[in-house]
Structures are given as C-alpha cells and as structure tokens.
Number of protein chains: 2
Amino acid sequence: MRKPGLSETRQRILQFIHDFADEHRYAPTVRDILKGCNLSSTAVVQHHLNVLDREGLIDRDPKVFRSIQLPNRRSIVHVPLLGTIAAGEPIPVPSSDTWRDEADDTIELTDEITQGKQVYALKVKGSSMIDALIDDGDTVLMQPTNSADNGDMVAVWLKDREEVTLKRLFQEHGRIRLQPANCQMSPIFVDPANVEIQGKVIGVIRQL
Amino acid sequence: MRKPGLSETRQRILQFIHDFADEHRYAPTVRDILKGCNLSSTAVVQHHLNVLDREGLIDRDPKVFRSIQLPNRRSIVHVPLLGTIAAGEPIPVPSSDTWRDEADDTIELTDEITQGKQVYALKVKGSSMIDALIDDGDTVLMQPTNSADNGDMVAVWLKDREEVTLKRLFQEHGRIRLQPANCQMSPIFVDPANVEIQGKVIGVIRQL
DNA sequence: TATAAAATGGAACACTTGTACTAAGAACAT
DNA sequence: ATGTTCTTAGTACAAGTGTTCCATTTTATA
C-alpha cells in the first residue's frame, strides 16, 4: 500500500481523502484536509495536492469544488438483469433497447467483477447447469457474442436437442467439444452446424 | 422506476442528478442542474430540491457544496482477502487486526453482494469443493461465526479427517448432517463433537 | 558549514456555489 | 371571475472553497 518516495504527510493526505470519501460520499475540501491531517495552513495542503496531482496520485478538476478523486477507484456499474436462463429455452439476447431500459431490474456491481466489460445478467432457473458448477438461483454474467475462443465458457444453443447449456468450448478438426466445468464429467462432441453461441460467460455470482 | 405523484420536472431532476454523479463522480450544483434540465433560474432548482429533500428523495448537507446524494445508492465495500481455503488446512479466521490491515489484498464489492454484512473473502485452492459447486479459483465470502442455523452453508473443520469442507449443516437428534450443495450427492453424518464451525458462507464469486 | 530545496504558516483574494427576496405566470378549485 | 397554490424568473447576496503571495522554518545535499 505504502508508496515509496512519498512523504509521510502526503501519504496521510491520500489516506484521509480515501477515508473522507468513504464516509461522506463526497470529496473533502482543502480545509477538510487541513483539519483532518493536523496541518495549519491551506497553503500547505495546496502544495501537497499540487505535487500529488502532478504525480497522478489524485485527480481533480480545478474550478470544481470537492472534485478531488483517487484514481483506480472502483466504480459501480449497473448490470441489467435481462431474464432467466434454463435448459429448455434460449437465453434472452440483449438488443440495444434492453441495455438502457431502466424499467428492468438491475444489479449493481463493481467494475472489478465485470472486468470493465459490457455485460448483462441472467438468473439461473433449475438445476440443469449443475455440471457447469452453477446452481439454481445463481446469477451469471454474460457478454453478448456470437463467437468464442477455444476454452471460453459459453452459453450454446444445441439445435437438435433444443436446449441451452453452459460449457467450455473447443474447436477440434471438424467437430466441437463441449467440456463441463466439473472436471469429473465427460465432454460431449457436437457438429458445428448444430451449435449456436449465444454469449460468453464471464462470471457467476451466488448469494446464500 | 417512475414515482407517481412526482412532477415531470422533479423526475427529470432526479434522473439528472443520478446521471451526473455517475459521470463525474461528484454531485451536481444547483447551476449544473439548471443547465442540465433546461431550467432558467436557480430559484426553480432550489425550490424543487427543497421539495425533493422534504420528501426524502435526496439527501444533502446544507453548508456543503456539491453534497446532493441519492439515498438507497449502493456503496462500495472493501472486503479483505485473507487467504485461501483448501481441503487439507483450516481456514484463516480473522482477528480484529486482520480486518483493517490495509496491506492485505482486498476485493471491492457493492453492499448488494455482501448484503450489508461484515464479511471476508477466501480464494479456493484445489477442486475439493466441487460437490459444493465451488471450483478451484472461486472466491467465497465468509461471515465469521462459531454457530449456525439449520440449513446454513458453513465451513466446517472435521477433526478426525483433519479437513475443511463446505456443506449445508443440519442438526439432527444427536448427530449432524452435512448436505452437499449438489443435490445429486449424498449427505454425510458426523458426531457434533467432531465438527468445528469456522464460518458461514454467504456468497460465491467466480470470474472466468 | 553553507546552500539549495522542500515544507510550513498566515492571510488576503477571487471564484464557485447555495440561498433569499421579489415578482410574475400557470394550474386549479370555488 | 376570483383567489389560492404551485411553478418559473431574475437578481442579488452570503457563505464555502480554491488559489496566490510572501515570509519562515525545516530538511536535504555538497
């Protein structure tokens, strides 16, 4: 955590900004920092803020009060919950409409979880995804796509069986191997013409 | 989303506050709202803000610029990542020290995921938790406790086998039933003296 | 030790932002 | 119509907040 080459005072200022923002949900002023760090002149704070700014350790918009921000700070993203995923039915695929439709449910995650990607969420219905280590009631985070790299966990629609399944996908000379996440289970092999990739799974969330 | 009994203009103001905060990471001023909502006097904004405040639809600290906040907003919590969980070793149990030790890794989640509870995180090592539908590399969210209600998913240390396992726990007249999350698998029955509850699992996160 | 560089103090100043006052238009019921 | 209430305008002022200047002290460097 401690950055070398950073004076004790500036370290304290950074920490204070962090804690203050955590507590109040808005950034501290120069004078807040002054009191919070036991300094005795706004000029001192000003000086350190300038240095921190120059070194990229804080962001701030001059002309905007209370605009000090710590970079690399996680932000909250609103992930639309577009419906359910079950074995017997194709998954909802987002249109440009559904992305911004505020009327639907959303779950709020940090971008650490979504990895900064544009994702949507589906609630798992039923126990058919057990072999992907996904339980009834879990939430899966999907990235819309029609293609995938080898090894990606994808939601595929198997045309002949008329069912959707979550598996790791591998292209193998003329056929496709679908490998369950549970390593104790066997893969299935299908004809490429028989599979339709509906999205890539980038995460699973289970709340108990 | 749309609150009934809320004038069109005030609705727009709420929406603007939300969007502005999302974009800038700090709250709008009266004059920001003025421009953003195509109004033409600060007094109008002021008036609507007063009404919204009175109705509890916004929070703000008079005397603090840019302090307008929307209530019910998710906030980010820093969950300490205290170590790993594997079959063969007891899990790290947090002390009051480790909670605030900033040197350790943390993951940042919304309180929607942690359900507002005080939790810590463990990284799963190995495939021994497969029957709990938990894979190698998953992150489990734990709540420290020595007791549990029937049906809770807990981390228990089995003294005779010297291993930790994640199961649903049920007290049954003189014995304890440990039920795997995977319903296809059978429960095990153990002597109460043989189990030591190390924590309650309140969530699982998998990133692919 | 001598010198430069960095950090600190105190205070004034300028800009940002919230608030109050007044007046006028719009909606609405009597 | 008439009055009441809600909304919109324009403006001025007060308070919060960032910035600058200069002097002083402390720390680092040769």
Side-chain angles (χ1 to χ4, degrees), chain A residues 2-71, chain B residues 2-71:
Chain A
R2 169 80 192 257
K3 287 229 179 190
L6 197 54
S7 88
E8 142 76 12
T9 305
R10 285 203 268 272
Q11 192 68 40
R12 222 168 59 233
I13 290 178
L14 281 182
Q15 184 67 45
F16 177 79
I17 293 172
H18 179 273
D19 294 346
F20 189 100
D22 247 25
E23 181 178 346
H24 295 88
R25 313 271 272 298
Y26 44 75
T29 65
V30 170
R31 286 167 183 81
D32 288 329
I33 298 172
L34 183 150
K35 288 174 208 147
C37 296
N38 290 315
L39 301 173
S40 40
S41 170
T42 58
V44 180
V45 179
Q46 196 69 344
H47 169 245
H48 287 125
L49 289 180
N50 284 335
V51 177
L52 289 170
D53 200 5
R54 200 178 318 130
E55 295 182 0
L57 294 171
I58 61 172
D59 288 337
R60 63 174 185 159
D61 188 344
K63 311 304 170 197
V64 174
F65 292 174
R66 293 187 179 275
S67 68
I68 301 177
Q69 307 279 335
L70 297 178
Chain B
R2 169 81 193 260
K3 286 229 178 192
L6 197 54
S7 88
E8 143 77 12
T9 305
R10 285 203 268 271
Q11 193 68 40
R12 222 168 58 233
I13 290 178
L14 281 181
Q15 185 66 46
F16 177 78
I17 292 172
H18 179 272
D19 294 346
F20 188 99
D22 247 26
E23 181 178 346
H24 295 89
R25 311 274 271 300
Y26 44 75
T29 64
V30 170
R31 287 165 181 82
D32 288 330
I33 298 172
L34 184 150
K35 288 174 208 145
C37 295
N38 290 314
L39 301 173
S40 40
S41 169
T42 58
V44 181
V45 179
Q46 195 70 344
H47 169 246
H48 287 126
L49 289 181
N50 284 334
V51 176
L52 289 170
D53 200 5
R54 200 178 319 130
E55 295 182 359
L57 294 171
I58 62 171
D59 289 337
R60 61 173 184 162
D61 189 345
K63 313 300 171 201
V64 174
F65 292 173
R66 293 187 179 275
S67 68
I68 302 177
Q69 307 280 335
L70 297 179

Separation of [X] atom [atom1] from [N] atom [atom2], in whole Å?
| X | N | atom1 | atom2 | result |
| --- | --- | --- | --- | --- |
| B:Arg10 | D:dT8 | CZ | C1' | 13 Å |
| A:His47 | D:dG18 | NE2 | C1' | 16 Å |
| A:His48 | D:dT27 | NE2 | P | 12 Å |
| B:Ile13 | D:dT7 | CD1 | C1' | 11 Å |
| B:Glu8 | D:dT7 | CD | P | 12 Å |
| A:Asn50 | D:dT20 | CG | C1' | 11 Å |

Please give me the minimum heavy-atom distance between [X] and [Y], naming the atom from each residue.
| X | Y | answer |
| --- | --- | --- |
| A:Phe65 | B:Phe65 | CD1-CD1, 3.5 Å |
| A:Leu34 | A:Ser41 | CD1-C, 3.4 Å |
| A:Ile68 | A:Pro28 | CD1-O, 4.0 Å |
| B:Leu70 | B:Leu57 | CD2-O, 3.9 Å |
| B:Gly36 | B:Phe16 | CA-CE1, 3.5 Å |
| A:Pro71 | A:Gly56 | CG-O, 3.5 Å |

Exercise. In chain order, what residues pass the salt bridge (charged side-chain N to carboxylate O under 4.0 Å, His left out) check against A:Arg60, with sequence neighbours excluded?
Worked result: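 A:Arg60 satisfies salt bridge (charged side-chain N to carboxylate O under 4.0 Å, His left out) with no residue once adjacent residues are dropped.
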Problem set entry | Pairs touching residues 21-32 of chain B that satisfy salt bridge (charged side-chain N to carboxylate O under 4.0 Å, His left out), sequence neighbours left out |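 Residue pairs with at least one partner in residues 21-32 of chain B: B:Asp22-B:Arg73, B:Asp32-B:Arg66.
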For this session: Nearest 0.5 Å please: distance from the CG atom of A:Asp19 over to the CZ atom of A:Arg12.
Result: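 Nearest 0.5 Å value for the CG-CZ distance: 12.5 Å.
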Problem set entry | Separation between CD1 of A:Ile17 and SG of A:Cys37, rounded to the nearest 0.5 Å |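 It is 8.0 Å, given to the nearest 0.5 Å.
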Considering only distance and modelled atom types, tabulate donor-acceptor pairs under 3.5 Å from the side chains of residues 43-54 of chain A, sequence neighbours left out.
{"from": "A:His48", "atom 1": "ND1", "to": "A:Val44", "atom 2": "O", "distance (Å)": "3.2"}
{"from": "A:Asn50", "atom 1": "ND2", "to": "A:Gln46", "atom 2": "O", "distance (Å)": "3.3"}

Exercise. Can you pull the contact range of chain A along DNA chain C, 5' to 3', using atoms under 4.0 angstrom from its heavy atoms?
Worked result: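 From 5' to 3', the first and last contacting nucleotides are C:dA7 to C:dT17.
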Problem set entry | Bend angle of the helix from C:dT1-D:dA30 to C:dT30-D:dA1, end axes from five pairs each (to 10°) |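 Axis-to-axis angle, ends of the helix: 30°.
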For this session: Go along nucleotides 9-16 of chain D 5' to 3' and tag each nucleotide: B for a protein heavy atom under 4.0 Å from its base, S when only backbone or sugar atoms are that close, - otherwise.
Result: BBBB--BB
